[in-house]
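Single-structure report; data block below.
In what follows, every heavy atom counts, from backbone to side chain, and hydrogens, waters and symmetry copies are set aside. Numbered from 1 within each chain, the chains take letters A, B, ... in sequence-line order.
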Amino acid sequence: MPDWMTDIRARLAAARLDPAREGEIAEELAQHLDDRYAELRRDGATPDEAQARALDELKDHALMREQLAALERREHTLPPAGTPARDRLFAGLWQDVRFALRSLRLNPGFAALALTTLALGIAATTVIYAVVDTVRPAHGRTGGARRHGDTPVVCRRRPRREIVGVLPDVRIHCTGLT
Amino acid sequence: MRHISGSDRELKKGSAELLILSLVSARARHGYEIGKLIETKSNGVVKFSAAALYPLLYRLEKRGWIKGRWVEKEGQRRRRYYDITADGRRILREQRTAWQAFAAAINRIAGLNEA
């Protein structure tokens with residue numbers, strides 16, 4: 001009887017199952033392939049034919065791996081009954097972080113794109129705030145000195161009418177603030 | 001006999017739980033036996049490869065509808081046998097009723113009984 005374990009473990013590897021669980025699944029699949037191989041041999045297949053056709057049973061291994069990974073992940077995410085809510089939250093969070101890191105490692109292209117997008121977003125936001133901060137009139141900032149003729153900026157919808165800032169002598173209607 | 005594949009996969013997927021629960025309701029069976037019975041009883045129309053069958057079995061086990069246990073026999077590799085649970089029997093009853101109603105409705109609409 002062929003040794004199926006190497007083939008099976010190669011097909012399961014990317015699912016990153018718990019080693020003990022992976023061992024059990026591999027053992028069960030090996031038993032299945034043994035049965036299939038024996039049946040094919042009884043039906044007259046040569047050893048090579050029987051081995052190749054038995055391995056066909058794992059043809060959809062990508063789907064199998066995906067389903068097994070999802071099943072095991074769900075099991076890890078659900079802590080035992082009676083676990084405090086706070087511990088449940090952090091157990092799930094930790095699982096999510098590990099899953100995210102694993103996914104990024106397995107998809108370097110996507111990881112690079114995601115990091116570039118984040119970097120560009122942060123850079124663009126920083127530039128916009130820096131420009132606004134530079135061009136904003138100094139006396140319009142909170143705490144700036146109020147001069148004669150400046151128009152107080154008052155929020156009408158606040159509980160108390162209060163000055164939230166001052167601008168040069170221009171007409172201002174502050175109606176959208178809460 | 002035509003083997004179910006491609007666009008019929010959803011139909012097969014939907015019925016898989018019912019098929020497995022039905023087969024293990026009589027007695028405990030191992031994975032290969034379950035797959036073989038599905039193939040022979042359907043005259044080869046429905047087939048599950050190992051890659052498709054075992055994730056299904058594990059899913060049903062996680063739901064508590066079937067329970068697997070390792071059985072060792074001298075001189076043989078140990079086997080995992082699956083047996084139906086009380087919850088599984090309840091689900092099986094519900095699924096049988098639902099499938100009967102569904103099949104009857106399809107028959108009435110498509111006129112399959114007259115064919």
Gap separating the CG atom of A/D60 from the CG atom of B/L53, nearest 0.5 angstrom
12.0 Å
CG on A/D56 to OG on B/S49, rounded to 0.5 Å
9.5 Å
Same cluster or not: B/V46 versus B/W99, using hydrophobic residues (I, L, V, M, F, W, Y) connected whenever any side-chain heavy atoms lie under 4.5 Å apart?
yes
Consider only side-chain heavy atoms of I, L, V, M, F, W and Y, link residues closer than 4.5 Å, and tell whether B/Y81 and A/L33 are in one cluster.
no
Answer yes or no: is there an ion pair linking B/R79 with A/D35, defined by an N-O contact shorter than 4.0 Å?
yes
Pair count under 4.5 Å, heavy atoms only, with chain B: among A/H32, A/E39, A/M64, highest is A/H32
Within the structure provided, determine whether [X] and [Y] are in side-chain contact (heavy-atom separation under 4.5 Å).
X     : Y     : result
A/Q31 : B/R80 : no
A/E24 : B/W70 : yes
A/I25 : B/Y54 : no
A/E57 : B/F48 : no
B/Y32 : A/E28 : no

Between A/L29 and chain B, with a heavy-atom cut-off of 4.5 Å, which part of the residue counts as in contact: side chain, backbone, both or neither?
side chain
Please find the pair of heavy atoms, one from [X] and one from [Y], that lie closest to each other, and give the distance.
X     : Y     : value
A/R36 : B/K36 : NH1-NZ, 4.4 Å
A/Q67 : B/P55 : OE1-CB, 3.2 Å
B/R77 : A/E27 : CD-O, 4.2 Å

